[in-house]
Amino acid sequence: MEGSAIRLQGLRKEFGGTTAVAGVDLEIGDGEFFSMLGPSGSGKTTVLRMIAGFESPSSGTIELAGQEVTGLAPFERDVHTVFQDYALFPHMTVEQNVAYGLKIRKVPKAERLQQARKALADVRLEGFGKRRPSQLSGGQRQRVALARALVGRPRLLLLDEPLGALDLKLREQMQIELKALQREVGITFVFVTHDQEEALTMSDRIAVFNQGRIEQVGSPAEIYERPATAFVASFVGTSNLLDGDTAQRVVGGPGTFSIRPEKIRVLKESALADEPEHSTVTGTVAEVVYLGDATRFLVDLDGGGRLTALQQNLETSSEDVAAYRGTRVRLQWNRRHTVQVPDAR
Amino acid sequence: MTATQPAAGRTPVRRLAGLLHRRRRLRLSLLLTAPLLWLAVLYLGSLAVLFVSAFWTTNSFTSEVVKVWSTDNFHALLTTPVFRQVILRSIGVALAVTVLCAVIAFPLAFCTARVARPRWRPLLVVAILTPLWASYLVKVYAWRLILSQGGLADWMLKPFGLSGPGFGLPAAVITLTYLWLPYMILPIHTALEQLPANLLDASADLGARPGRTFRSVVLPMVLPSVAAGSVFTFSLSLGDYITVQIVGGKTQLIGNLVYSNIELNLPMAAALGTVPVVVIVLYLLAMRRTGALSSL
């Protein structure tokens, strides 16, 4: 198929007796920003390492740009990696680090220095070329690693939790920069992360991993709004999962259902619920969690079960919301936000 | 005041602990007095005595030390051909042993640190260290047996139409290399073991074949440890005189000259003794530039 950067078929990996990757089929398009999201130990990093060539699959095939590379060594693949802890060479200057790949490809010295400087300028690190990695901050090292991986213009860039070691502010800034950079260079990015927010903000598409398998592949909106499994619903964002009797009573049918907390409105019990497209239940506020910009209400439903609702603090303050504890409320949400998920929790 | 310090200050031990906690200088001086005395009086003091006595002379009839200042001994060191030869030979032996140790130790350390399975590594390190538990003399005499005429070396080389090196300078170099090899393997082993695996991955990822990764990443990062190991092999070889007596045939090194002069001409022996000290100080200064001393 044309326009496919990566195609994985029946990919498995076993370490000793444990299965790290249990059959992954995946196709990633050219120029996509693709995220692999999952908790630690879900196999996402192992898949990445197999694409890079650091691990060889127990079975299955890997194609890069239409060519099978399953048995090839890392240095035979047109793929570069940004490592979680950056893996910069400590005995080389920043410039030498960035130029390393070019030097191996025997690019003439003047040209590779010029390219390295340009790559450093692209990640806003002009003038840092002569320093050692140890003299840089975490965010700067991260950018050097990015420049080193991008300078050779690979077709595919693999990023293994590259923002994991940065503090929140820097991480948010780098998320925006990374996305802008990807749009600019037009290279396929495969981004491994356990941070669902990061995956949602940056990706064109996301694959959610769990226990060595892919649970769902889709756009951020699809993953968030239409979780295919209970695992996706609970891992990506927070979710109310209703099943059994509670589901029967609240939704009116058997099965497992997911409702996002921010879709639920908290009203006075006496409020009228006559709009046909809305579901409604009544209950008692068990706990109020003040989050600054929003408030989380944990509501025990009449007849059992509990729902979490998230409300923006448009007009309320911390003193106001505390008064809600123990009061009777009515919860209301649009029926189309009740999503049925196949398997039980 | 006493009311605010309830339990503290009751027992003498607690009172002392409290005092030491408050007085940083007292704590430091108690801690450092003994080792500093050792270093200053016994170690540096004896070196100073050595150096000073090198400027004295002897009565050539009675061999008694005459405390008259002269630089004759050092003059003789630099001008007498025999002394010059022996000094250069000693430095040559120390360098040869160091190079041999490095060449042998690197692949061995690579096996113990990266090729062997992790749970075998501690055992292999112990195996490398076991020769250090045996007496130095026992090991040198073992080598005397190996290298003697009709010994193990001769017997093993015979099928190839060769014979062992016999006793002499090569035998001394071989035996010293054997003796000091663990001191070279250990630092290299440690450096290779601590080499992050993802640096090797990163190098391969950027297109480097294994040979290239070895030259551009592994070797430069391990070199300071090789230099650190060489500080041991070099200085231990330079100071040795027993090995060369046992397997060296008629070969003389600085140590032998010191030993033979110590009865007859103590100041000359002292002057000879300062030579390795000076050489090793120069060697350390050279090694410091490679960053070796910070990885010791």
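- Between A:R143 and A:D122, none of the side-chain N atoms (NZ, or NE/NH1/NH2) sits under 4.0 Å from a carboxylate O, so this pair counts as no salt bridge.
- Note on ring orientation: taking the six-membered ring where Trp is involved, the planes of B:F234 and B:Y283 are parallel (angle under 30°, cut-offs 30° and 60°).
- Defined by atom type and a distance below 3.5 Å, a donor-acceptor pair is missing between the side-chain atoms of A:T61 and A:T70.
- The shortest non-hydrogen separation linking A:V107 to A:Q115 is CG1-NE2, 4.5 Å.
- The candidate from B:D201, B:T213, B:N198 with the greatest count of non-hydrogen atom pairs under 4.5 Å with chain A is B:D201.
- Interface remark: A:F89 contributes backbone and side-chain atoms alike to the contact with chain B (heavy atom separation under 4.5 Å).
- Within the cation-pi definition used here (under 6.0 Å to the ring centroid, within 45° of the axis), A:K13 qualifies as a partner of A:F15.
- With a threshold of 4.5 angstrom between heavy atoms, A:H80 approaches chain B through its backbone and through its side chain.
- Between the side chains of A:T93 and A:E95, not a single donor N or O lies within less than 3.5 Å of an accepting N or O.
- When B:P210, B:P220, B:G207 are compared by the number of non-hydrogen pairs under 4.5 Å with chain A, B:G207 comes out ahead.
- Each of B:V217, B:L200, B:L206 has some count of heavy-atom pairs under 4.5 Å with chain A, and the biggest count is that of B:L206.
- Within the 4.5 angstrom heavy-atom criterion, only backbone atoms of A:L88 (N, CA, C, O) approach chain B.
- When heavy atoms are compared at a cutoff of 4.5 Å, A:R49 approaches chain B solely by way of its side chain, counted from C-beta outward.
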